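All of these numbers come straight from a predicted model, not from anything done at the bench.
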Amino acid sequence: MKYIFRHIKGDRAIWAIVTMLAIFSFMPIYSASTNLVYVVGNGSTFGHLIKHIVLLITGFAVIYGVHKIPYRYFSGGSVLMFPVVIVLLIFTLAQGTTIGGANASRWIRIPFVGIGFQTSTLAGLVLMVYVARYLAKHKEKVISFKESLLQLWLPVGIVLVLILPANFSTTAMIFFMILLVSFIGGYPLKYIGYILGMGLFAFLFFILVAKAFPDAMPNRVNTWKSRIESFSQPNGEENYQVEKAKIAIATGGVVGKGPGKSVQKNFLPQSSSDFIYAIIVEEYGLAGAVVVIFIYFLLLFRILITAKKATTIFATLLVIGVGIPIVFQAMINMAVAVNILPVTGQTLPLISSGGTSIWMTCFALGMILSVSASKNETEETILDDNPLDILHETLD
């Protein structure tokens, strides 16, 4: 144990919380994958558990590797990664993948591994670091709205426009988080109001274009509309998954049916990913549901402490920008399961199955731990870094 502690740096409470979530996920994943095995006919429950464990092990390797990198590299690295992200998003969108007749161009297949990679999660991570870099560089300057439109909001807008056609919930979450980080980073509130108005206008324009050219984005707007209508109409026909999730939650009671004894896992199509919280409540009851919520809020608490202790503005904004979305995504996932929000497709971080979500969450956690492990960085050493110099150092 001492050998392990000697090699891990940063906030050990975060390490402990992440380990708890990972270990806890084993039983829900093993249990919830029954649907994939017996209904979809995909593999075995043990096979899905092994795959999940392997993804978590590689995720912890990502955390370990990233937390050893001085966080100043992430500043220039975001600039280098930006064109890569743009290309990946265009490539992903061009594939034209459809699920149930609706445009769902979110994944690219990783060669030889056979795992789908959701490029929007990587794009969101890079975008958050890019925004933190810009705000930190202009913290002591008078921000010109016209200049920031070109340097900050044009790149943000390009990425969000490329994510929006296939993934509205992720687009909305990234946009909201960028506005929050901008506010914390001292971006004028009046300008944030302008950007919010422009964002809403761009979204309405997108809907008009999608309606005018339905072949370009088949059924996507109709999918959003049907989800909202299903959610907002008390007497309307409920979404099948939400109905089964509510049954699972209602039958869980205080202590649940016990590990592996869920009934609704056999009927919920996304029981091991989007709706795994419903299965947790059914098997572990109200007690298990509250414990999971408490652990995520504990993670949020440690993220905020790390942000407060950071020695540079960039580090503070970085931690908030990549850390809070993890907890925010968890809250959205749980809210959907208990029918507080419409169906969004957001997974439960570190608990739901899925390679991209686990890896990108772990990358973000690695960044946070890198900040918490650093004591001597100054604003100048970070923001004066030339991205090309960082690339040169990395290759060397």
Side-chain angles (χ1 to χ4, degrees), residues 71-90 120-165 167-168 170-206 307 310-325 328 364 367 371 377-390:
Y71 75 84
R72 66 186 180 89
Y73 286 135
F74 303 136
S75 173
S78 66
V79 179
L80 293 174
M81 282 298 297
F82 213 92
V84 176
V85 162
I86 298 294
V87 171
L88 285 174
L89 288 172
I90 293 173
S120 59
T121 56
L122 173 62
L125 204 58
V126 171
L127 205 54
M128 287 300 175
V129 183
Y130 181 86
V131 172
R133 173 187 170 88
Y134 175 87
L135 293 170
K137 284 177 74 74
H138 292 78
K139 181 64 179 176
E140 304 300 327
K141 303 176 184 177
V142 176
I143 294 178
S144 163
F145 183 64
K146 289 183 180 180
E147 184 182 282
S148 67
L149 277 178
L150 183 63
Q151 296 181 7
L152 176 61
W153 298 112
L154 179 61
V156 167
I158 291 172
V159 171
L160 294 182
V161 164
L162 291 173
I163 297 174
L164 178 61
N167 202 334
F168 168 71
T170 298
T171 306
M173 187 169 74
I174 294 172
F175 184 55
F176 173 79
M177 284 307 309
I178 287 174
L179 293 182
L180 176 62
V181 171
S182 298
F183 173 73
I184 295 171
Y187 192 77
L189 189 59
K190 177 175 67 173
Y191 296 163
I192 292 177
Y194 294 162
I195 295 300
L196 181 59
M198 293 168 66
L200 291 174
F201 176 80
F203 178 60
L204 292 175
F205 181 73
F206 171 81
T311 57
T312 65
I313 296 167
F314 171 72
T316 298
L317 297 177
L318 172 69
V319 170
I320 291 172
V322 303
I324 291 183
F328 191 44
M367 289 185 185
V371 171
E377 296 286 4
T378 64
E379 214 72 59
E380 291 74 19
T381 61
I382 295 167
L383 301 177
D384 288 344
D385 272 342
N386 187 314
L388 294 178
D389 291 339
I390 291 174

For this session: Grab the two heavy atoms, one from K139 and one from I184, that are nearest each other, plus how far apart they are.
Result: NZ-O, 4.4 Å
Exercise. Does atom CZ of F183 have more than 12 heavy-atom neighbours, drawn from other residues, nucleotides or ligands, at distances under 6.0 Å?
Worked result: no
Problem set entry | Donor-acceptor contact present, side-chain S78 to main-chain S75, <3.5 Å | yes
Exercise. Which residues satisfy the side chain to side chain contact (heavy atoms under 4.5 Å, CB included) test with V84, sequence neighbours excluded?
Worked result: M81, L88
Exercise. With sequence neighbours left out, which residue pairs that include part of residues 182-200 fulfil the side chain to side chain donor-acceptor pair (under 3.5 Å) condition?
Worked result: S148-Y187, W153-Y187
Exercise. Any side-chain heavy atom of L164 within less than 4.5 Å of one from F203?
Worked result: yes
Exercise. Do V159 and Y130 come close enough that some side-chain heavy atom pair is under 4.5 Å?
Worked result: no
For this session: Working to the nearest 0.5 Å, report the span between CZ of R72 and CZ of R133.
Result: 12.0 Å
Seminar exercise, completed: When rounded to the nearest 0.5 Å, the distance separating CD1 of I324 from CZ of F176 is 9.0 Å
Exercise. Which distance, rounded to the nearest 0.5 Å, do you find between the CG of N167 and the OG1 of T121?
Worked result: 9.5 Å
Exercise. Do the non-hydrogen side-chain atoms of M173 and F328 ever get within less than 4.5 Å of each other?
Worked result: yes
Problem set entry | F145 and I195, any side-chain heavy atoms less than 4.5 Å apart | yes
Exercise. Just wondering, do L127 and F82 contact through their side chains at under 4.5 Å, heavy atoms?
Worked result: yes
Per-pair distances, 0.1 Å, donor-acceptor, side chain in residues 313-320, under 3.5 Å, sequence neighbours excluded:
residue : atom : partner : partner atom : Å
T316    : OG1  : A307    : O            : 3.0
T316    : OG1  : T312    : O            : 3.2

Exercise. Which distance, rounded to the nearest 0.5 Å, do you find between the OH of Y134 and the CD of Q151?
Worked result: 5.0 Å
Problem set entry | Approximate separation, where rounding is to 0.5 Å, of I178 CD1 and I174 CD1 | 6.5 Å
Exercise. Of the non-hydrogen atoms in A123 and V85, which two are nearest, and what is the gap between them?
Worked result: CB-CG1, 3.4 Å
For this session: Mind listing the closest non-hydrogen atom pair of P188 and I143 along with its distance?
Result: CD-CD1, 4.1 Å
